[in-house]
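A note on names: the letters A, B, ... follow the listed sequences, proteins ahead of strands, and every chain is numbered from 1.
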Amino acid sequence: MSLENHPKDAMLHDRSIGELGALLDRGEVSSLELTRHLLARIEALNPVLNALVSVTAAQAIAAASLADRRRAAGESGPLLGIPLIHKDIFCTDGVRTSCGSRMLDNFIAPYDATVVARLKAAGAVMLGKANMDEFAMGSSNETSFYGPVKNPWDLGKVPGGSSGGSAAAVAARLAPFATGTDTGGSIRQPAALTGVTGIKPTYGRVSRYGMIAFASSLDQAGVFTRSAADAATVLQAMAGFDPRDSTSVDLPVPDYRAALGASLKGLKIGLLKEFSDGLEPRNAALIEAALEVFRSLGAETLEMSLPNLPLSVPTYYVVAPAECSSNLSRFDGVRFGYRCEDPRDLMDLYKRSRGEGFGAEVKRRIMTGTYVLSAGYFDAYYLKAQKVRQLITNDFRAAFERVDLLLGPTTPTPAFAIGAKIDDPVTMYLNDIYTIGANLAGVPALSMPGGFIDGLPMGVQLIGPHFAEARLLNAAHQYQLATDWHDRVAPGIT
Amino acid sequence: MSDWEVVIGLEIHAQLATRSKIFSGAATAYGAPPNSQASLVDLAYPGVLPVLNAEAVRMAVKFGLAIGAQIAERSIFARKNYFYPDLPKGYQISQYEQPVVGRGAIDIVLDDGVRKTVGITRAHLEEDAGKSLHEGLAHASGIDLNRAGTPLLEIVSEPDMRSAKEAVAYMKKLHTLVRYLEICDGNMQEGSFRCDANVSVRPRGREKFGTRAEIKNLNSFRFVEKAIHYEVARQVELLESGGHVIQETRLYDSDKDETRSMRSKEEANDYRYFPDPDLLPLQIGREFIESVRATLPELPDQKAARFAAGFELSAYDAGVLSASRELGAYFEAVVDAVGAPHAKLAANWVMGELSSALNRDSLEIRDARVDPRALGGLLQRIVDATISGKIAKDVFEAMWSEGQDADAIIAAKGLRQITDTGAIAAVIDAVIAANPKQLADYRAGKDKLFGFFIGQVMKATEGKANPAQLNELLRAKLGGA
Amino acid sequence: MSLSRQDVEKIAHLARLLISEQQMPVYVTSLSAILAFVDQLAKVDTAGVAPMAHPLAGQTQRLRTDEVTETDQHDKYQANASAVQGGLYLVPRVIE
């Protein structure tokens with residue numbers, strides 16, 4: 001799958017955002033050239049990976065030309081002219097926004113999500129929209145209406161989900177960065193399984209406006225990059241208060257890039273006991289190796305217990321479906337989206353449009369959520385789960401009184417085979433066992449490449465207190481200066 | 001019928017008079033072309049989020065303060081989940097467990113002058129739904145979402161009312177109050193102020209309430225009264241024939257004057273309320289409350305009490321004149337013009353001639369063709385005896401249609417009253433001389449003929465003789481003085 | 001917690017989802033398994049714990065100034081709808 005026809009550009013897709021910015025600034029490459037190069041790469045590789053569901057070549061060319069004109073007019077900026085891929089959960093004005101669902105296969109968003117608008121304003125160039133689990137419900141990208149995404153490290157394996165297309169695209173270097181969303185691990189888990197860096201910021205740090213809701217109190221937008229330094233650059237542009245999102249937080253955004261260089265001397269890192277207990281030995285060894293790197297950088301490490309953390313998955317599988325069941329009620333075949341043929345009556349319109357428009361996992365979660373909110377079960381499930389959620393959150397709060405960051409694995413195993421778990425929802429849900437806690441508590445977390453098992457990438461997860469993104473990125477960047485896991489590229493995808 | 005006691009509670013939906021919707025920046029104006037005021041948020045487009053309108057909160061707090069209710073320091077927006085075409089999100093954002101306005105009360109005055117206090121359980125903020133239209137569409141309904149997202153204050157009463165009349169009095173009182181507060185335009189035809197009535201009956205003397213039926217969407221005072229009458233009769237008949245009332249939602253059909261079951265086919269509603277994760281707890285601080293309190297106008301009851309005490313009006317008159325802020329202001333401006341000692345005269349004219357003229361021409365008080373200063377000027381001419389009250393009515397009509405002031409009309413038409421004693425006496429003498437038989441009959445004891453002489457003099461003077469003077473002089477002359 | 005077919009039918013109706021005959025048993029099994037899995041929450045002692053509705057404690061609702069900021073764009077917005085007539089969204093006739 002090499003691209004022999006483009007020897008001059010061969011290395012362009014390997015460059016970081018920082019390097020590309022320098023090339024653009026020096027005029028050694030134009031955004032148009034860079035964009036054309038990556039569009040060609042997508043054309044060559046996407047049929048195999050299925051990472052993108054829409055390629056917006058014409059818009060990309062126009063946006064790249066505009067970026068070049070802006071630069072020629074004296075403007076500069078770290079993302080001016082840098083290509084990206086948006087997860088297809090973000091509304092993009094005039095472009096199909098499918099959310100991986102038949103329900104929205106015909107949906108042209110009439111507006112830009114705030115994340116999209118901010119990156120557009122920063123001059124980033126959208127190449128296309130990334131495949132994803134349907135409505136972000138899945139951990140393998142197999143629930144997409146557009147078929148599974150292939151893991152660039154092994155085309156028989158899943159890339160993780162729900163932001164599997166974004167992760168695979170960055171891992172295959174189809175774009176230097178891609179947006180994602182993380183409701184229970186949907187950025188960190190696929191980042192880990194594809195060997196890239198992915199950050200889920202604090203709940204409220206990045207606007208949710210225009211991001212199609214799955215579970216409103218858990219969803220948060222973030223980014224996939226090949227390094228923490230690039231993630232700092234992108235998050236800088238994405239983060240910030242948005243008056244259109246009542247849950248967006250009105251706090252200044254710190255200078256993430258400026259914080260990258262800080263020494264880790266004296267940083268207290270807690271190893272999550274609940275995650276290391278019973279961990280597969282090779283995974284445990286990777287975690288221990290990561291701790292050793294941090295110790296060598298001057299950090300102190302200690303074991304921390306968050307006793308309620310093992311309850312994260314059952315708590316999540318009450319709260320998230322409850323919110324999803326309500327959020328997805330708007331898809332009724334009336335104002336947008338799939339509408340069944342010749343409805344007999346209103347009930348038929350609703351039931352068939354929704355029954356035919358939604359896939360199996362989405363229907364399962366809507367029904368789970370409908371059940372846990374229904375009369376007679378609300379207290380036992382929904383209310384109980386929200387109380388346990390408070391206990392889990394209290395655990396995090398207590399932990400961050402003693403340590404600066406928590407560390408643990410991102411996933412229990414490396415990428416699994418396509419088809420291996422899709423028929424067993426509970427087993428599939430347990431893939432997110434290490435990532436869900438951060439969503440429940442709303443704290444920021446990051447996954448970075450930390451080694452390999454059976455030739456497949458594994459992630460190390462860092463979790464911080466609310467609004468400690470700068471600290472997470474600083475620690476990850478220092479780790480990446482001392483290691484080269486993040487520089488490894490999938491063999492066969494050159 | 002007398003064996004049964006009626007129990008009524010009302011849920012009143014008042015559309016708040018904000019410029020934009022409760023959660024979006026779309027306009028709330030009535031009557032716009034279909035869906036022209038439905039923004040992405042109102043249409044429940046994927047990805048959009050609600051942001052709460054400050055003015056809606058301010059208005060809810062204003063209402064709470066006016067009914068002496070506790071304002072919740074913290075209130076929560078919840079989602080009420082159900083599918084219906086006029087509800088684009090598939091849920092309505094409403095307040096469920098923690099409403100913004102807590103318990104309060106208002107007083108109503110019944111026709112017999114008896115005062116009664118009606119408890120208000122709570123008032124909460126929520127969004128209105130859109131409308132389903134059927135006309136001109138074959139086998140289809142058309143959905144207009146212009147109304148979707150209009151802020152509503154739902155005001156829930158205690159089951160304190162015991163008759164349809166009480167229910168109407170309560171509803172009218174709230175109607176007056178929300179317009180006083182300028183939080184709702186009160187336009188019932190446009191649905192700005194509508195009501196659901198919970199009606200039950202119980203054997204007189206029993207404490208336990210009977211099973212209630214909820215009658216939906218009553219949008220006039222008359223319909224509320226008629227629907228309750230019908231529903232009470234239906235329930236009593238049902239119970240007396242050995243049946244029982246089922247708890248259900250019913251719709252009042254004004255054409256047939258009956259209520260009928262609305263959702264008999266439907267499953268029991270399961271709204272699956274839960275806190276809306278897109279909205280945070282609404283925190284209302286002391287400072288906010290005090291800033292709203294500072295904007296509270298004089299309330300209807302306060303105004304009525306002031307009118308009654310300050311102008312020596314009856315409770316009834318004071319109540320009528322304070323029924324709206326505009327009417328109260330008009331009345332006070334008339335009093336200003338004519339002088340406080342003549343407030344009763346002003347009250348009679350505002351409730352009499354002015355009100356009839358407004359009714360006849362279907363005008364609101366703000367559109368009155370005679371402004372309060374001009375009406376005061378007219379009354380001044382009665383007070384100073386320039387014209388009689390009877391002539392004044394003609395002058396008023398002329399002012400109403402011609403727009404001139406009283407003095408100009410009096411001068412132009414020569415309506416100035418004859419107050420010269422000699423002139424009046426001369427006319428009297430002439431009338432007496434011309435009617436010797438009537439004079440004889442009168443003196444023989446036929447007292448009623450006094451009126452005949454008055455009439456003859458008035459006829460001769462074209463109604464301009466000062467009535468008091470005429471009375472006195474005529475009595476003396478007929479008596480043979 | 002194990003669900004019966006009737007339970008699942010009731011939930012599917014409440015959620016307005018048509019579930020095919022063949023798929024019904026799959027949902028009965030998987031939804032029962034999910035509920036059995038989350039049932040472990042019942043054992044957790046949550047006495048005195050307030051339910052957490054939102055991840056950021058202490059944040060309160062921000063208020064928007066009452067201004068009309070939207071313009072009529074119904075043509076654009078209705079481009080995504082399957083059935084529109086005279087500016088109205090069409091649904092099968094609603095009888096009340």
Side-chain angles (χ1 to χ4, degrees), chain A residues 89-91 97 99 103-104 107 109-114 135 204 207-213 215-219 242-248 319 322-323 325-332 334-337 345-347 349-351 354 369-378 382-383 386, chain B residues 22-25 35 38-54 77-93 96-97 130 132 139-145 148 265-283:
Chain A
I89 199 168
F90 291 100
C91 285
T97 301
C99 224
M103 181 60 84
L104 292 179
F107 178 68
Y111 75 109
D112 276 335
T114 298
F135 283 100
S207 170
R208 294 188 297 115
Y209 186 78
M211 188 174 118
I212 299 178
S216 312
S217 78
L218 300 161
D219 296 342
D242 180 4
R244 291 179 190 271
D245 175 2
S246 297
T247 62
S248 141
V319 174
E323 293 182 6
S325 71
S326 177
N327 281 336
L328 270 59
S329 292
R330 68 190 59 202
F331 300 103
D332 58 6
V334 178
R335 297 165 313 286
F336 41 74
D345 54 23
L346 184 66
M347 188 61 86
L349 169 72
Y350 283 155
K351 288 191 171 179
R354 292 167 58 77
T370 301
Y371 184 77
V372 300
L373 288 175
S374 65
Y377 302 100
F378 180 83
Y382 178 79
L383 218 52
Q386 292 288 39
Chain B
I22 183 165
F23 297 120
S24 85
N35 290 305
S39 70
L40 293 172
V41 170
D42 308 315
L43 295 169
Y45 250 75
V48 299
L49 295 168
V51 184
L52 182 58
N53 185 337
F77 286 94
R79 292 184 180 179
K80 179 182 184 179
N81 294 282
Y82 64 98
F83 286 90
Y84 206 69
D86 64 12
L87 188 72
K89 292 189 293 296
Y91 58 84
Q92 178 194 32
I93 303 176
Y96 183 51
E97 280 181 336
S132 307
H139 316 298
S141 295
I143 309 300
D144 175 9
L145 296 170
K265 305 192 295 282
E266 270 277 18
E267 79 273 9
N269 287 320
D270 186 344
Y271 291 125
R272 290 160 282 139
Y273 281 101
F274 73 104
D276 191 332
D278 288 333
L279 291 160
L280 299 169
L282 172 62
Q283 195 96 28

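Heavy-atom distances place both the backbone and the side chain of A375(A) under 4.5 Å from chain B. For F107(A), the part sitting under 4.5 Å from any heavy atom of chain B is the side chain, from C-beta outward, and nothing else. Residue Y273(B) touches chain A through its backbone alone, counting heavy-atom pairs closer than 4.5 Å. Residue contact with chain B, scored on non-hydrogen atoms closer than 4.5 Å, is absent for D345(A). Neither the backbone nor the side chain of T97(A) has a heavy atom closer than 4.5 Å to any heavy atom of chain B. With a 4.5 Å cut-off on non-hydrogen atoms, L346(A) touches chain B through its side chain but not through its backbone. Looking at A109(A), neither its backbone nor its side chain comes within 4.5 Å of chain B, counting heavy atoms on both sides. With a threshold of 4.5 angstrom between heavy atoms, D278(B) approaches chain A through its backbone and through its side chain. Only the side chain of F378(A) comes within less than 4.5 Å of a heavy atom in chain B; its backbone stays farther off. For P85(B), the parts sitting under 4.5 Å from any heavy atom of chain A are the backbone and the side chain alike.
A donor-acceptor pair under 3.5 Å links the side-chain atoms of D245(A) to the main chain of R208(A), judged by distance alone. A donor-acceptor pair is defined here as one N or O able to donate and one able to accept, closer than 3.5 Å; no such pair exists between the side chain of Q92(B) and the backbone of K80(B). Checked by atom type and distance alone, the side chain of R354(A) pairs as donor or acceptor with a backbone atom of L328(A) at under 3.5 Å. Side-chain atoms of D276(B) never come within 3.5 Å of backbone atoms of R79(B) as a donor-acceptor pair (strictly under, hydrogens ignored).
Contact of the Y350(A) side chain with the F331(A) side chain is not registered, since no non-hydrogen atoms from C-beta on lie closer than 4.5 Å. Contact annotation: the side chain of N327(A) never approaches that of K89(B) to less than 4.5 Å [non-hydrogen atoms, C-beta and beyond]. Proximity of L52(B) to F23(B): side-chain heavy atoms (C-beta onward) are separated by under 4.5 Å at one or more points. Side-chain contact between C91(A) and D112(A): absent, with no pair of heavy atoms (C-beta onward) separated by less than 4.5 Å. Side-chain contact between R244(A) and L49(B) is absent, with no heavy-atom pair separated by less than 4.5 Å.
With chain A as partner, the option from V48(B), L280(B), N81(B), I143(B) having the largest number of non-hydrogen pairs under 4.5 angstrom is V48(B). Per-residue counts of heavy-atom pairs under 4.5 Å with chain B were compared for V334(A), V372(A), T247(A), L373(A); the largest is that of L373(A). No other option in T370(A), D332(A), L383(A) has as many heavy-atom pairs under 4.5 Å with chain B as T370(A). Each of S217(A), G337(A), C99(A), P110(A) has some count of heavy-atom pairs under 4.5 Å with chain B, and the biggest count is that of P110(A). Counting heavy-atom pairs closer than 4.5 Å to chain B, the top-ranked of the candidates I212(A), L104(A), I89(A) is I212(A). Here S246(A) is the residue among A215(A), S207(A), G376(A), S246(A) with the most heavy-atom pairs under 4.5 Å with chain B.
When ring centroids are compared, Y91(B) and Y82(B) stay outside the 6.0 Å threshold.
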